[in-house]
J.: 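Before anything else, here's the structure in question.
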Amino acid sequence: MLLDLGAIRDPNRAGQAYALTFLMPIVPGDEDLLRTELEALGADGVSPLARLARTHFGRWVICPDFVTDPEQPAPDPLGCQYLIFSVCIDGEPDSYLAELCTELAPETRRIWRHCINAPDPAEGPELHAYLRHNQIDTGLFYSAYPNVTVGEVRRVLHQQAALRMLAVDAPSLDPAELQRRFLAEVR
Amino acid sequence: MRVAAPAPAPTTATGTRHGNVDGQAIAITVFSAVKWWGRVVLPVVFLAPKVAPKTLTTLQRLSFIHYARWSLVTEIPHNGAPQPEVKLRYPHLYFESNFNGGWEEYIDAFSHVLTRGMWTFWGSSYGFPSALPTAPFKAYIKRNEMEASHYYSAYPASTTTQVRQALELDPMVAELRERAAGMDPDQFAAAFRELMTRAQRCC
């Protein structure tokens with residue numbers, strides 16, 4: 001494995017992958033409304049993040065407060081609840097955030113209106129700037145396949161499944177049909 | 001008015017809460033308060049795998065992690081009133097992982113395979129009970145873990161191992177595709193059988 005110069009220069013990066021993490025204060029009293037909004041995302045079976053083709057993984061988490069460990073000399077309260085939004089993406093963060101703030105505007109408006117001093121409406125360049133202001137840098141970002149995009153992952157998984165199916169059918173196919181199906185289906 | 005966090009939802013068969021699951025993928029999100037010396041040590045720990053990537057070999061042996069990240073939070077971005085100005089007493093370690101399999105198995109494997117590494121990452125956190133035995137460590141993570149309100153995976157049906165195998169298979173298929181058009185059917189059938197033998201562990 002080679003030295004990852006990109007990750008040294010920018011710790012949010014691993015290969016071509018990028019880690020984005022944001023921590024934003026929730027308007028006091030809006031916590032349950034926000035939770036309801038978030039839990040309703042993807043109620044139709046499709047997460048809005050699926051519309052951003054560069055997203056490998058993403059999550060919204062409500063952090064009620066820091067947990068005080070019994071060993072800890074004193075609590076360290078956050079003062080209000082926080083929204084964590086994090087994604088593992090392909091490529092450059094700014095073009096991704098620009099997409100997020102436009103393509104997902106119907107959802108971003110509903111989510112970030114519950115965050116303190118988020119733009120109203122929460123979309124476009126204003127939301128982009130708000131997110132950047134609340135970004136938390138990553139210390140160490142690990143990826144099992146750092147140089148592979150979402151599109152590539154899906155393509156090779158599809159190819160693997162197609163080959164598996166063809167292997168099952170192969171004993172009953174004549175060589176010409178096997179060749180035709182391989183060229184047509186395994187790509 | 002502060003609204004109390006709702007009671008935790010029951011765990012699923014994967015050993016974690018419903019919100020942390022999307023198909024095969026499972027999310028872990030954890031904050032832990034860090035002792036003063038963690039502020040010095042953790043940045044070095046984070047830098048080590050970048051200058052000596054072999055240190056990630058052990059992590060790669062945990063073949064069920066897609067992506068993971070650690071961040072040391074030393075300040076909270078301020079957005080103006082009514083957000084309280086937060087001056088943190090301690091740094092806080094943020095950890096998140098995207099993995100597949102069961103929550104219990106994940107922590108077990110993490111603890112057994114990465115015993116020393118776990119101390120490296122969490123040794124400066126208050127209350128870290130050491131990676132082994134696993135029961136106190138699991139209790140520690142549960143205490144500090146937060147449930148996702150929404151979690152997404154772009155390929156929820158696939159495990160990390162499946163992705164890696166599919167990637168390993170790709171050049172073998174590409175090579176056969178390149179040759180296939182110039183082969184007669186019998187030559188192709190023989191090459192296909194040979195591919196299936198070579199690619200057995202990738203399918």
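These numbers come from the heavy atoms of this one structure, side chains and all, not from hydrogens, waters or symmetry mates. By convention in this document, chain letters (A, B, ...) are assigned in the order of the sequence lines, proteins followed by strands, and residues within each chain are numbered from 1.
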J.: Within the 4.5 Å heavy-atom criterion, are L104(A) and L49(A) side-chain neighbours or not?
T.: yes
J.: Which of residues 78-101 of chain B have a heavy atom under 4.5 Å from any heavy atom of chain A?
T.: H78(B), N79(B), G80(B), A81(B), P82(B), Q83(B), P84(B), V86(B), K87(B), L88(B), R89(B), Y90(B), H92(B), Y94(B), E96(B), S97(B), N98(B)
J.: Between V34(B) and W122(B), is any pair of side-chain heavy atoms under 4.5 Å apart?
T.: no
J.: Would you say the side-chain atoms of T149(A) pair up with the backbone N or O of E152(A), donor to acceptor, closer than 3.5 Å?
T.: yes
J.: Given that the side chain runs from C-beta out, which part of D137(A) has a heavy atom under 4.5 Å from chain B: side chain, backbone, both or neither?
T.: backbone
J.: Tell me, out of I116(A), V67(A), V87(A), who's got the most heavy-atom pairs with chain B below 4.5 Å.
T.: I116(A)
J.: Report which part of P75(A) has an atom under 4.5 Å of a heavy atom belonging to chain B: side chain, backbone, both, or neither.
T.: backbone
J.: H56(A): what forms a ring-ring contact (aromatic ring centres under 6.0 Å, His included) with it, not counting sequence neighbours?
T.: Y67(B), Y155(B)
J.: Taking 4.5 Å as the heavy-atom cut-off, does anything in residues 157-169 of chain B contact chain A, and if so which residues?
T.: S158(B), T160(B), Q162(B), V163(B), R164(B), Q165(B), A166(B), L167(B), L169(B)
J.: Any side-chain heavy-atom pair from I26(A) and I62(A) closer than 4.5 angstrom?
T.: yes
J.: So which of L163(A), L23(A), L173(A) has the biggest tally of heavy-atom pairs under 4.5 Å with chain B?
T.: L163(A)
J.: Could you pull out the closest heavy-atom pair between K35(B) and G123(B), with the gap in Å?
T.: NZ-O, 4.4 Å
J.: Considering only heavy atoms from C-beta outward, does the side chain of T102(A) approach that of E123(A) to under 4.5 Å?
T.: no
J.: Mind checking which of residues 126-143 of chain B sit less than 4.5 Å from chain A, heavy atom to heavy atom?
T.: Y126(B), G127(B), Y140(B), R143(B)
J.: Flag the pair Y82(A) / V61(A) as yes when at least one side-chain heavy-atom distance between them is below 4.5 Å, and no otherwise.
T.: no
J.: State, with a plain yes or no, whether a side-chain heavy atom of D174(A) is found less than 4.5 Å away from one of L178(A).
T.: no
J.: Give, as side chain, backbone, both or neither, the part of F66(A) having an atom under 4.5 angstrom from any heavy atom of chain B.
T.: side chain
J.: Do NZ/NE/NH1/NH2 and the carboxylate oxygens of E175(B) and R179(B) come within less than 4.0 Å?
T.: yes
J.: Is E92(A) salt-bridged to R13(A), going by a charged N under 4.0 Å from an acidic O?
T.: yes
J.: Counting heavy-atom pairs under 4.5 Å with chain A, which one of R193(B), R69(B), M146(B), E75(B) comes out on top?
T.: R69(B)
J.: Ignoring hydrogens and angles, tell me if any N or O in the side chain of N144(B) forms a donor-acceptor pair with the backbone of S32(B) under 3.5 Å.
T.: no
J.: As an exercise: rank C63(A), G58(A), P70(A) by heavy-atom pairs under 4.5 Å with chain B and give me the winner.
T.: G58(A)
J.: Non-hydrogen atoms of chain A under 4.5 Å away: do they reach the side chain of Y151(B), the backbone, both or neither?
T.: both
J.: Measuring heavy-atom distances to chain B, does A17(A) have an atom under 4.5 Å in its side chain, in its backbone, in both, or in neither?
T.: side chain
J.: Is there a side-chain contact between M24(A) and P77(B), using heavy atoms and a 4.5 Å cut-off?
T.: no
J.: Shorter than 4.5 Å, heavy atoms on both sides: which option in E39(A), R154(A), Q72(A) has the most such pairs with chain B?
T.: Q72(A)
J.: Relative to chain B, which of L183(A), N12(A), L34(A), I136(A) shows the most heavy atom pairs under 4.5 Å?
T.: L183(A)
J.: Is a salt bridge present between D30(A) and R113(A), judged by a nitrogen-to-oxygen distance below 4.0 Å?
T.: no
J.: Would you please classify the geometry between the W70(B) ring and the F121(B) ring as parallel, tilted or perpendicular, with 30° and 60° separating the classes?
T.: parallel
J.: Heavy-atom distance under 4.5 Å to chain B: side chain of V153(A), backbone, both or neither?
T.: side chain
J.: Does CH2 belonging to W36(B) count more than 12 external heavy atoms closer than 6.0 Å?
T.: no
J.: Closest heavy-atom contact between F110(B) and M118(B)?
T.: CD2-SD, 2.9 Å
J.: Side chain, backbone, both or neither: which part of D22(B) has a non-hydrogen atom closer than 4.5 Å to chain A?
T.: neither
J.: Report which part of R180(A) has an atom under 4.5 Å of a heavy atom belonging to chain B: side chain, backbone, both, or neither.
T.: neither
J.: Counting only heavy atoms closer than 4.5 Å, note whether T21(A) contacts chain B via side chain, backbone, both or neither.
T.: both
J.: Might you point out which heavy atoms bring T108(A) and A122(A) nearest each other, and give the distance in Å?
T.: OG1-O, 2.8 Å
J.: Under a 4.5 Å heavy-atom cutoff, which of A148(B), A190(B), A189(B), A68(B) has the most pairs with chain A?
T.: A68(B)
J.: Examine whether an atom of P73(A) lies under 4.5 Å from a heavy atom of chain B, and if so say whether it belongs to the side chain, the backbone or both; otherwise answer neither.
T.: both
J.: Under a 4.0 Å threshold between the charged nitrogen and the carboxylate oxygen, would R35(A) count as salt-bridged to E31(A)?
T.: no
J.: Given W112(A), which partner from the list F22(A), Y130(A), F85(A) fulfils the ring pair (Phe, Tyr, Trp, His ring centres under 6.0 Å) test?
T.: F85(A)
J.: Please name the pair of heavy atoms, one in C101(A) and one in L131(A), separated by the smallest distance, quoted to 0.1 Å.
T.: SG-CD1, 4.1 Å
J.: Any donor-acceptor pair under 3.5 Å linking the side chain of R54(A) with the backbone of V150(A)?
T.: no
J.: So for A170(A), is it side chain, backbone, both, or neither that comes closer than 4.5 Å to the heavy atoms of chain B?
T.: side chain
J.: Looking at chain A, which one of T29(B), V73(B), D186(B) has the largest number of heavy-atom pairs inside 4.5 Å, strictly under?
T.: T29(B)
J.: Are any non-hydrogen side-chain atoms of W103(B) and I28(B) less than 4.5 angstrom apart?
T.: yes
J.: For the candidates H133(A), H158(A), Q135(A), E37(A), which exhibits the highest count of non-hydrogen atom pairs separated by less than 4.5 Å from chain B?
T.: H133(A)
